[in-house]
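Structure, as structure tokens:
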Amino acid sequence: MKEAFREHNPNKKTKERLDHILSIIAEYETQDIKLTERQLFYQLVSRNVVKNTLKSYKSVCSIITNGRYSGRIDWDAIEDRVRIPYRHSQFDGVEDLVESAIYAYRLDRWKGQEYYVELYTEKNALTSILRPLTDKYHIYLNVNVGYTSATAMYDASKRFLEATEDNKECILLYLGDHDPSGLDMVRDVRTRLNEFCEHKAVEVIPIALTYKQVKKHNLPPNFVKETDSRAGDYSKLYGSESWEVDALRPEILQELITDAIEKYRNVDLVEKVLEQEEDDKLKLEKYAKRLANASKK
DNA sequence: CGGTCTGGGCTCACGGTTTG
DNA sequence: CAAACCGTGAGCCCAGACCG
């Protein structure tokens, strides 16, 4: 909802940027995707509206914030994925609980499959685009927020080792930027995971952003920071330009991920699990009805 | 020579004050 | 009013300087 709490009179340049922001929000709204400020900023960068610098990021943030306070931008269009309030779940009675249990009910949709797959990304800004897919395919989504942590890698290694014991081949699909640190994060994940898994192979596959994708989609470049200690080797291979994975349009990103996951999934096996899930849900529904009738008596 | 510190890099989302 | 600074909180990695 658009709600105004303050006055704000943007100048011509700011108004132009505000219009760009509003059209991006409208575009994402049709796909039911909420944006973070960071994500909106990257979209502006990829459309060559602003430069990819800390300064312009901050400027975009104030335009968004001012826009929201002044009632120009819908408060619900922007999401803060860091400051989330927690509270234990509650229900409107036992029937309500059973209903949500039916909704939540799932079996292991990767049972009997040849592969075990997880999806990793360095950017929290991609969460709203990735979640629907990892939910649908019933796989773990790990958002590393830059470099991953020892905790995350240790926990992941336990899951992969368990899959190995189940005679599954382990696949880690990775999404990150094409910049000196971004490419290094793939190496980092690979070596640390192998250390924990005692070199039982986990295949780390970068599905985006690749140099090929940069060229194919003609993505706008950023300058590599020469002060980055990892810039040297990168520049020898790719020159002085780098690219953000967020610059890929959401539908292209989703297509890439869908293709990557489906490569490792046997559809017939999944169908069987889904049938079992539906059967179980029917049983649960019958149980819920009996429960409801009993409580009326 | 090996350990630790320093200052750079990445991610995320805010705030305030001064300068133009 | 916007831009350019400064700061807060959190999680990381790495190269080179420094030191015992």
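Per chain, numbering begins at 1; letters A, B, ... match sequence-line order.
The distance between atom CD1 of A:Ile78 and atom C1' of B:dA13, rounded to the nearest whole Å, is 12 Å. Protein atom CG of A:Asp246 is 13 Å distant from nucleotide atom C1' of B:dC10, rounded to whole Å. To the nearest angstrom, P of B:dC10 lies 7 Å from CG of A:Asp179. In this structure, CG of A:Asn142 is placed 17 Å from C1' of B:dC12, rounded to the nearest angstrom. Here B:dC10 presents its C1' atom at 9 Å from CG of A:Asp177, a figure rounded to the nearest Å. Rounded to an integer number of Å, the gap from A:Met153 CE to C:dC12 P is 12 Å. Atom OH of A:Tyr57 is separated from atom C1' of B:dT11 by 10 Å (rounded to the nearest Å). To the nearest angstrom, C1' of C:dA2 lies 14 Å from CD of A:Glu16.
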message: Evaluate A:Val145 against A:Val143 for side chain to side chain contact (heavy atoms under 4.5 Å, CB included), listing each step before the verdict.
response: CA-CA 6 Å; A:Val145 199; A:Val143 181; 4.2 Å; yes
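Of the listed nucleotides (B:dC12, C:dA2, B:dG9), B:dC12 has the atom at the smallest distance from the side chain of A:Asn124. In the set B:dC12, C:dG11, C:dA2, the nucleotide with an atom closest to the side chain of A:Ser149 is C:dG11. Here the side chain of A:Glu122 is nearest to one of C:dA2, B:dT11, B:dG9, namely B:dT11. Of the candidate nucleotides C:dC12, B:dT11, B:dA13, B:dA13 has the atom lying nearest to any side-chain atom of A:Asp80.
Look at A:Arg17 and you won't find any side-chain N or O under 4.0 angstrom from OP1 or OP2 of C:dA2. Side-chain N/O atoms of A:Arg38 include none lying less than 4.0 angstrom from OP1 or OP2 on B:dA13. Within the structure, every side-chain polar atom (N or O) of A:Ser59 is placed at least 4.0 Å from both OP1 and OP2 of C:dA2.
Between A:Gln39 and A:Tyr28, the shortest heavy-atom contact is NE2-CE2, 4.3 Å. A:Tyr103 and A:Lys281 get closest at one heavy-atom pair: O-NZ, 4.2 Å.
No engagement by A:Pro180 is indicated, since no non-hydrogen atom pair under 4.0 Å with the nucleic acid exists. Counting any heavy atom pair closer than 4.0 Å across all strands shown, A:Thr36 reaches sugar-phosphate atoms only and no base atom. Among the atoms of the strands shown, none is found under 4.0 Å from any heavy atom of A:Asn144. Counting any heavy atom pair closer than 4.0 Å across all strands shown, A:Tyr42 reaches sugar-phosphate atoms only and no base atom. At a threshold of 4.0 angstrom between heavy atoms, the contacts of A:Ala125 are confined to the sugar-phosphate backbone, with no base atom among them.
Aromatic ring centroids of A:Tyr154 and A:Phe196 lie under 6.0 Å apart. Annotation: A:Tyr238 is not in aromatic contact with A:Trp243 [ring centroid separation under 6.0 Å not met].
A:Tyr140 carries A:Arg159 over the face of its six-membered ring, with the cationic atom under 6.0 Å from the centre and within 45° of the normal.
Sequence order on DNA chain B of the closest nucleotides to A:Glu244 and A:Glu37 puts A:Glu244 first from the 5' end.
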